[in-house]
Colleague: 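Before anything else, here's the structure in question.
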Amino acid sequence: MENKKDNFSEWYNEIITLAGLSDKRYPVKGMNVWLPYGWKIMSLIDSIVRKAVDKRNFQEVNFPVLIGRSMLEVEFEHIRGFENEIYWVTKGGKENLEEELALRPTSESAMYPMFSLWVRSHADLPLKIYQIVSVYRYETKHTRSFIRIREIHFFEAHTAHATYEDAEAQMDQYKEIWREISAQLCLPYFYDQRPDWDKFPGAMYTIAFDTVLPSGRSLQIGTIHQYGTNFSKNYDIKYLKEDGTFDYAHQTTYGMSERLLAAIIGIHGDDKGLILPPDVAPIQVIIVPIPGDGVMEYARDIENTLNSINVRVKVDDRENFTPGYKFNDWEMRGVPLRIEIGEREVKNKTVTLSMRNIPGKITIDRSKLIYEIPDTLIRIREKMMDDAKRQFNEHVFKASSIEEFNRDGLITAFWCGSKECSDSIEAKTEKSALGFMVDAKETGKCVVCGKEGKLAVFSRSY
RNA sequence: GGGGCCGUGGGGUAGCUUGGUAUCCUACGGGCUUUGGGAGCCUGAGACUCCGGUUCAAAUCCGGACGGCCCCA
C-alpha cells in the first residue's frame with residue numbers, strides 16, 4: 001500500500017479502491033459508483049446529520065432534480081455563480097423542449113418559488129427544511145473521488161425567518177449542529193468568513209468550516225450562508241406581519257457533502273488503511289474466530305450479546321482465509337475494534353480485544369463485555385479526535401511575513417481584507433485567503449500592505 | 001486556448017530503443033493440504049484503445065482519431 005505521508009494523493013486513491021468505497025471506472029467523467037461499503041458509511045454520516053437537524057425541528061423534504069430555465073434565471077447574481085457548471089436538459093425524446101431544464105447545481109431556485117407559496121404569514125415562520133440528494137456541477141477541473149466530482153451527494157438545509165435577528169440566531173444554531181457532527185466524525189476545523197468575492201453567489205456572507213488534509217491542502221467541509229432578504233426579494237417570499245404590513249423573509253442555508261467522507265478517509269487513515277470513527281463504521285466490532293473446538297458457537301453467542309446492546313457486529317466466518325489475512329483485511333477497512341476468539345478464550349471464558357488505533361491486545365472476561373465494548377468504542381473515538389487535533393495543529397502555522405507562508409498547511413496571518421493583497425499572496429505562495437477567522441479578536445498589520453488588518457487563514461485548497 | 005507525458009488481462013506492470021511465441025505480481029474459478037498476524041502446491045480462464053499506413057510479419061515504426069494525466073494561460 002502507498003505511503004500516506006509522502007504520497008498522499010496516491011494513497012488516497014488506492015485506499016478508496018482497496019476498501020471498496022467507490023468505483024471510478026464508471027464511463028462518464030466525474031461520476032463514480034458508490035460501492036456497498038462506501039455507501040453504508042455515507043448513509044451513517046447522513047443519519048448523524050439527520051438526527052442533529054431533526055431534533056432542532058428541521059423537516060426533511062425532497063425536491064425535483066429538474067429546474068426550469070426561467071426559475072433559475074431570476075435576474076440577480078446567484079445564477080452567475082453557477083452558469084458555467086450547469087448541465088442542461090434540452091430534449092424530451094427527439095423533440096426540443098419548449099423550456100430547457102437544468103439539473104440542480106443547488107436547490108435555491110427549485111425551493112424558493114415554493115417558499116413563496118408556502119409562506120403567507122408570520123405564523124408560517126420559521127420554515128426549516130432540508131434534503132439529502134444529488135446535485136450536479138459540470139466541473140472542468142481535475143476530478144477526485146469524494147472531493148471534486150460532477151454528481152455530488154449533498155445535504156442542504158434552507159430556512160426562512162421573520163427577522164434578521166432570527167436568521168442570525170439560526171446561523172449560531174448551525175455552528176452548534178456542526179460542533180455536534182464534527183465531534184462524532186472526529187474532524188477538527190476552522191470557522192472562517194469567506195471574502196466577498198468568494199462567498200456563495202447571492203449570499204450576504206458565507207462562513208465555511210475548513211479542515212486540512214495530510215497533503216497540507218485545505219478542504220472545505222461545510223458552509224453556512226446568511227442570505228438576508230437577497231433571495232426573498234427575488235423569489236417574492238413575503239409574509240403578513242402581526243401589524244398587517246408585509247415584510248420579506250430572512251433566509252439562511254447550510255450545505256455539506258460527501259467531502260465529509262473524504263475528510264474522514266484523509267485525516268484518520270494510516271498505512272494499513274482506513275480508520276473509521278465508531279459512529280460511522282458499518283461494522284464497529286469484527287469477531288475473528290481462530291478455528292478450534294467450540295469456537296464458532298462461542299463467537300455466535302458473543303455476536304448475539306453485542307447485537308442486543310445495538311453494537312454493529314459481525315463474525316468473519318469465511319473459511320478460505322486465515323486469521324492473519326482477516327486481521328489485515330478488516331484493519332484496511334477501518335473497523336475500529338476487533339475481537340479474537342480461539343480455544344484459549346473459550347476455555348477461560350474471555351475475549352481478546354484489539355483496537356484499530358491503539359497498539360496491543362487486551363484480554364477481558366466475557367461477562368464484562370456489555371460494559372467494556374461501548375466504553376472501548378468511546379475511547380477509540382476520543383483517541384481519534386485527539387490524534388486528529390494534533391495532526392491539524394501540526395499543519396497550522398502563524399506567519400508574520402510572506403516568506404513564512406512557504407510551508408504545507410494552513411497559514412494564519414494578519415490581512416487587510418483587500419483582493420489585491422490576497423492576489424499578491426497567491427502569486428507568490430500559491431495560497432489564497434480562505435477568509436477571516438470568525439472567533440479571532442486580534443488585530444495587526446497586513447502582511448502585504450501593512451495596513452490595519454485582522455487574523456485570516458490562507459492555504460492552497462482542494 | 002498553448003505545451004508536455006501516457007494508453008498492455010479486473011487492478012498494478014515488463015516488453016517498445018534494435019519488428020517475429022506478451023513477463024511478473026495481485027485479484028478470480030477448480031482441487032488437495034492449511035488456519036493465534038497477509039499459507040503452500042497443482043491447475044484454469046483472462047489483455048496489446050481504435051482506424052489507416054509501412055512490412056513476409058506491428059504491442060513495438062509512421063499518420064490520424066478517441067481517452068486519461070500533468071503544467072501554463
Side-chain angles (χ1 to χ4, degrees), chain A residues 1-4 6-38 84-85 138-145 147-150 215 217 269-275 285-300 302 315-364 366 423-424 426-432 460-462:
Chain A
M1 150 152 249
E2 291 284 348
N3 177 285
K4 182 186 180 192
D6 300 329
N7 299 305
F8 178 73
S9 196
E10 289 81 3
W11 174 89
Y12 180 80
N13 283 328
E14 187 178 23
I15 189 57
I16 286 170
T17 303
L18 284 177
L21 304 183
S22 127
D23 196 330
K24 53 186 172 198
R25 291 173 301 178
Y26 187 76
V28 177
K29 184 175 163 62
M31 303 210 172
N32 300 338
V33 179
W34 285 94
L35 295 175
Y37 197 61
N84 290 325
E85 45 188 74
Y138 183 75
E139 291 285 355
T140 55
K141 288 210 176 111
H142 182 200
T143 56
R144 200 187 290 273
S145 303
I147 291 179
R148 189 179 295 281
I149 56 268
R150 291 179 172 180
S215 57
R217 292 170 70 178
D270 64 15
D271 286 352
K272 289 176 169 180
L274 292 179
I275 301 180
V285 177
I286 185 71
I287 300 175
V288 177
I290 290 96
D293 279 346
V295 166
M296 252 353 243
E297 295 71 21
Y298 192 68
R300 292 293 176 203
I302 286 165
V315 177
D316 187 349
D317 56 8
R318 292 177 292 178
E319 286 174 3
N320 44 343
F321 293 101
T322 62
Y325 178 90
K326 292 176 181 178
F327 295 164
N328 287 290
D329 194 39
W330 294 112
E331 280 166 4
M332 187 269 290
R333 293 189 141 78
V335 173
L337 183 58
R338 179 176 71 238
I339 294 181
E340 298 172 20
I341 291 172
E343 288 185 354
R344 238 165 27 217
E345 284 80 5
V346 175
K347 181 163 151 264
N348 301 330
K349 295 193 168 57
T350 57
V351 297
T352 296
L353 303 183
S354 172
M355 290 170 261
R356 176 64 176 84
N357 62 339
I358 301 174
K361 299 181 184 185
I362 55 173
T363 298
I364 62 167
R366 191 238 177 280
D423 285 349
S424 159
E426 188 165 5
K428 289 175 192 159
T429 70
E430 291 190 322
K431 294 183 172 69
S432 58
R460 184 168 174 221
S461 52
Y462 276 105

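When reading the values below, keep in mind they use all heavy atoms of this one structure, side chains included, and skip hydrogens, waters and symmetry mates. A note on names: the letters A, B, ... follow the listed sequences, proteins ahead of strands, and every chain is numbered from 1.
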Colleague: Counting any heavy atom closer than 4.0 Å, what does R25(A) reach on the DNA or RNA strands: base, sugar-phosphate only, or nothing?
Modeller: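 The answer is sugar-phosphate, as R25(A) gets under 4.0 Å only of primed atoms, P, OP1 or OP2.
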
Colleague: Distance check, P atoms only: U13(B) and U21(B), in whole angstrom units.
Modeller: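 About 24 Å, rounded to a whole number of Å.
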
Colleague: Rounded to the nearest Å, what distance is computed from the CG atom of residue N320(A) to the C1' atom of nucleotide C41(B)?
Modeller: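 Result: 17 Å.
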
Colleague: What is the distance, to the nearest angstrom, from the NZ atom on K24(A) to the P atom on G12(B)?
Modeller: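 After rounding, the reported distance stands at 9 Å.
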
Colleague: Need one value for E14(A): base, sugar-phosphate or nothing, where a base atom within 4.0 Å counts as base even if backbone is also close, heavy atoms only.
Modeller: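 E14(A): no heavy atom of the nucleic acid under 4.0 Å.
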
Colleague: Under a 3.5 Å limit for both distances, which nucleotide forms a Watson-Crick or G-U wobble pair with G44(B), could you say?
Modeller: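 G44(B) is paired with C28(B).
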
Colleague: Rounded to the Å, how far apart are D316(A) CG and G36(B) P?
Modeller: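 Interatomic distance, CG of D316(A) to P of G36(B): 14 Å.
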
Colleague: Going by modelled atom types, is there a donor-acceptor pair between the base of G38(B) and the side chain of E331(A) at under 3.5 Å?
Modeller: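 No, no donor-acceptor pair under 3.5 Å.
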
Colleague: Between A22(B) and C48(B), how many Å separate the two P atoms, rounded to a whole number?
Modeller: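 Per the computed distance, 12 Å lies between those P atoms.
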
Colleague: If I pick the P atom on U17(B) and the same atom on G11(B), what distance separates them, to the nearest angstrom?
Modeller: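 Each nucleotide's P atom is 26 Å from the other's.
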
Colleague: Categorize K361(A) for me: base, sugar-phosphate, or nothing, with a 4.0 angstrom heavy-atom threshold over every strand shown.
Modeller: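 The residue K361(A) makes base contact.
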
Colleague: What does C66(B) pair with, Watson-Crick or G-U, if both distances are under 3.5 Å?
Modeller: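 WC or wobble partner is G7(B).
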
Colleague: Output yes when a side-chain donor or acceptor of Y462(A) lies under 3.5 Å from a complementary backbone atom of R144(A), and no otherwise.
Modeller: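 Checking the backbone N and O of R144(A) against the side chain of Y462(A), no donor-acceptor pair under 3.5 Å is found.
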
Colleague: Between A65(B) and G9(B), how far apart are the two P atoms, rounded to whole Å?
Modeller: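 Per the computed distance, 23 Å lies between those P atoms.
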
Colleague: What integer number of Å spans the C1' atoms of U26(B) and A14(B)?
Modeller: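 It works out to 15 Å between them.
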
Colleague: Now, which nucleotide makes the Watson-Crick or G-U wobble pair with G38(B), with each of the two distances under 3.5 Å?
Modeller: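 Per the H-bond distance test, none.
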
Colleague: Are N84(A) and Y138(A) side-chain neighbours, meaning at least one heavy-atom pair lies under 4.5 Å?
Modeller: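 With C-beta onward as the side chain, the pair stays apart.
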
Colleague: CZ of R344(A) versus P of G37(B): gap in Å, rounded?
Modeller: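 These atoms are roughly 9 Å apart.
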
Colleague: Starting at CG of D23(A) and ending at P of A27(B), how long is that distance when rounded to a whole Å?
Modeller: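 The distance from CG of D23(A) to P of A27(B) comes to 18 Å, rounded to the nearest Å.
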
Colleague: First locate atom CZ of F327(A), then atom CD1 of I286(A), and finally report the distance between them rounded to the nearest 0.5 Å.
Modeller: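 Taking CZ in F327(A) and CD1 in I286(A), the distance rounds to 11.0 Å.
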
Colleague: So which nucleotide from G36(B), G37(B), A39(B) ends up closest to the side chain of N328(A)?
Modeller: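 For N328(A), the side-chain atoms sit closest to G37(B).
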
Colleague: In whole Å, I'd like the distance from the CD1 atom of I290(A) to the P atom of U34(B).
Modeller: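 Whole-Å distance recorded here is 18 Å.
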
Colleague: Want to settle it: does P323(A) or D329(A) sit nearer the 5' end of RNA chain B, counting the closest nucleotide to each?
Modeller: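 Final value for this comparison: P323(A).
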
Colleague: Could you tell me the Watson-Crick or G-U partner of G1(B), where both distances fall under 3.5 Å? Say none if there is no partner.
Modeller: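 Its partner is C72(B) (Watson-Crick or G-U wobble, both distances under 3.5 Å).
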
Colleague: Rounded to the nearest Å, what distance is computed from the CZ atom of residue R318(A) to the C1' atom of nucleotide A27(B)?
Modeller: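 Rounding to the nearest Å, CZ of R318(A) and C1' of A27(B) are 14 Å apart.
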
Colleague: Quick one, D293(A) and E343(A) - any side-chain contact, counting heavy atoms below 4.5 Å?
Modeller: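 Of all side-chain heavy-atom pairs linking E343(A) with D293(A), at least one is under 4.5 Å.
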
Colleague: Counting any heavy atom closer than 4.0 Å, what does R144(A) reach on the DNA or RNA strands: base, sugar-phosphate only, or nothing?
Modeller: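 No contact at all - R144(A) keeps every heavy atom at 4.0 Å or more from the nucleic acid.
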
Colleague: Taking atom P in both C5(B) and G64(B), what distance in whole Å separates the two?
Modeller: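 It comes out at 14 Å once rounded to the nearest Å.
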
Colleague: Counting only side-chain nitrogens and oxygens, does T322(A) get under 4.0 Å of the OP1 or OP2 atom of A39(B)?
Modeller: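 Yes, such a contact exists.
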
Colleague: With a 3.5 Å distance limit and no angle check, can you tell me whether R366(A) reaches the backbone of E345(A) through a side-chain donor-acceptor pair?
Modeller: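 No: the side chain of R366(A) does not pair with the backbone of E345(A).
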
Colleague: Return the value, rounded to whole Å, for the distance between atom CZ of R460(A) and atom C1' of C71(B).
Modeller: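 One finds 12 Å between C1' of C71(B) and CZ of R460(A), rounded.
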
Colleague: Which one, G36(B), U35(B), G38(B), comes nearest to the side chain of E340(A)?
Modeller: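 The answer is G36(B).
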
Colleague: Between G68(B) and U49(B), how many Å separate the two P atoms, rounded to a whole number?
Modeller: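 About 16 Å, rounded to a whole number of Å.
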
Colleague: Could you tell me whether the side chain of R338(A) reaches within less than 4.5 Å of the side chain of E331(A), counting heavy atoms only?
Modeller: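 Yes - at least one pair of side-chain heavy atoms lies under 4.5 Å apart.
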
Colleague: Would you mind reporting whether D329(A) and F321(A) have side-chain heavy atoms less than 4.5 Å apart?
Modeller: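 They are not in contact (no side-chain heavy atoms under 4.5 Å apart), so the answer is no.
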
Colleague: Write down the distance separating the C1' atoms in A45(B) and C62(B), rounded off to the nearest Å.
Modeller: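 36 Å, rounded to whole Å.
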
